[in-house]
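Please read these numbers as outputs of a predicted model, since none were measured by experiment. Both ligands and their constituent atoms are indexed starting at 1 by order of listing.
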Amino acid sequence: MSQDFKQAALDYHEFPRPGKISVELSTSAETAHDLALAYSPGVAEPVREIAKDPEAAYRYTAKGNLVAVISNGTAILGLGDLGPLASKPVMEGKALLFKRFANIDSIDIEVDAESPQAFIDTVARIAETFGGINLEDIKAPECFEIERTLIERCNIPVFHDDQHGTAIVTAAGMINALELAGKKLEEASIVCLGAGAAASACMKLLINMGAKVENVYMIDRKGVIHSGRADLTAEKAAFATETDKRTLDDAIEGADVFLGLSGPDLLSPEQLKKMADNPVVFACANPDPEIRPEVANAARPDVIMATGRSDFPNQVNNVLGFPFIFRGALDVRASAINEEMKAAAVKALAGLAREPVTQEVLLAYGLQSLEFGREYILPKATDSRLLGRISFAVAQAAIDSGVARLPMPEHYPIHCESELY
Ligand SMILES: NC(=O)C1=CN([C@@H]2O[C@H](COP(=O)(O)OP(=O)(O)OC[C@H]3O[C@@H](n4cnc5c(N)ncnc54)[C@H](OP(=O)(O)O)[C@@H]3O)[C@@H](O)[C@H]2O)C=CC1
Ligand SMILES: CC(=O)C(=O)O
Ligand SMILES: [Mg+2]
């Protein structure tokens, strides 16, 4: 990143006032009468209603449209364990994206917890405040136990975005990229660099969709995850294969797909050159990918290349998922975000990329034309159709799978953001 860009990023966060989000009032608080209704004595009435029936909180408070973005700062993007406070710009960023793309009110919460159990207890104790919880940037393997326990303890959707949001977007992009490469998921040889939160969830979903576990090489800091290793967590062991491959160099030979969810500059041009024809490379580490697109394109003109960033073609990033998935889940008051809802989001996202690109998107990106192909495997984040398509698909799947507590809203499918409230 240039010095100018770094300064621009700092200035963006500092001015016109520090940070990226603020709280605004949603009702009138001007007159003495307003104040008597908003606070004492009027506020006692909804208190009594909620004490009698907890569901009344959705009627009388902001709960139903409020999502907490919660982190312990142990895996901040690809920057590592830098602690809760340092994660605040990212969490405020996620809150910004919830509001910008789905009109969901969102607040960031950074938890300084001495153990996963302390983190779980903290989140469980504040969960009632919210309509949903988006866990973010919590490293593996703790993230698995944290999410599993919180789902059990909370009766609102709890969703670790780095796992499932990333998996949904990666799977949608992979369906399209492999089709363009003329390959089948069932036959593809896949190298996944990284075996943490994001990588495990992505590979689990790709295997559920048809990838063969024996064609998958997962790699962590110690090398290929194989059945001879005695140091594997349960999550990693699920990917262990009988193989004599030990390193990225070994595994990349002839591979159809490289999925990077690890760290910067870990795939060399020489390694990319060893991949099969039309290699699919999703270098998704943020902010710096496993290989830069210009390096990859120079090494392999036939590469189908994606990164997690918005400043290159083909952004594979969970921003294409979480705002719209939560919109659908909140609007039918789903008790969870289940596998059916995730599968519906994958299908909606992959399908939208095949439709003609709207003028709105071309203008936003300064392009004359753009169509489904090697440089456009997923919709752009500013495509306003994402909101309607994904929220509807997720809401329908929640209803069909029995986790919705409300019917399909009358205003669905949403056509534009102004229809929300
Ligand atoms: N584009 C997107 O939408 C998203 C991108 N990401 C990116 O994915 C990356 C991982 O995030 P997350 O899963 O949350 O973090 P985790 O800490 O849970 O996992 C990191 C994984 O990367 C592995 N790793 C790190 N360095 C190396 C290396 N040099 N060689 C091999 N493996 C390595 C770790 O290995 P070990 O297990 O041995 O420690 C671990 O398995 C980050 O860069 C993040 O920005 C994450 C979510 C979404
Ligand atoms: C995009 C994202 O969530 C990450 O890089 O961690
Ligand atoms: Mg993240």
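Each of the atoms 3 (O) of ligand 2 lies under 4.0 Å from some heavy atom of E136. With ligand atoms numbered from 1 in the order given, ligand 2 contributes 2 (C), 3 (O) to contacts under 4.0 Å with heavy atoms of K94. Set against the non-hydrogen atoms of N286, the atoms of ligand 2 under 4.0 Å away are 1 (C), 4 (C), 5 (O).
The shortest side-chain heavy-atom distance between R385 and T358 falls under the 4.5 Å cut-off.
A ring-centre distance under 6.0 Å is not found for F258 and F282. Side-chain rings of F322 and F159 stay apart, their centers remaining 6.0 Å or farther from each other.
Considering backbone and side-chain atoms alike, N317 places every N or O at 3.5 Å or more from each N or O of ligand 2. Note: no N/O pair closer than 3.5 Å links A75 and ligand 1 by distance alone. Of the polar atoms of A197, at least one N or O is found under 3.5 Å from an N or O of ligand 1, judged by distance alone.
Residue-ligand proximity: Q315 is placed with every non-hydrogen atom at 4.0 Å or more from ligand 1. Residue contact check for ligand 1: G263 places no non-hydrogen atom closer than 4.0 Å to it.
Annotation: atom 17 (O) of ligand 1 to nearest protein heavy atom, K139 CB, 3.6 Å.
When non-hydrogen atoms are compared, ligand 2 lies under 4.0 Å from neither the backbone nor the side chain of T166. With a 4.0 Å cut-off on non-hydrogen atoms, V319 does not touch ligand 2 at all.
Note on E136: its N/O/S atom closest to the Mg ion (ligand 3) is OE2. Among the heteroatoms counted here (N, O or S) of D162, OD1 is the one nearest to the Mg ion (ligand 3). Looking only at its N/O/S atoms, D137 has OD1 as the one nearest to the Mg ion (ligand 3).
The local environment of CD in E55 is crowded, with over 12 non-hydrogen atoms from other residues, nucleotides or ligands closer than 6.0 Å. More than 12 heavy atoms of other residues, nucleotides or ligands shown are found within 6.0 angstrom of CD on E214.
In this structure, R389 fails the cation-pi test against F324, since its NZ or CZ atom is not both closer than 6.0 Å to the six-membered ring centre and inside 45 degrees of the ring normal.
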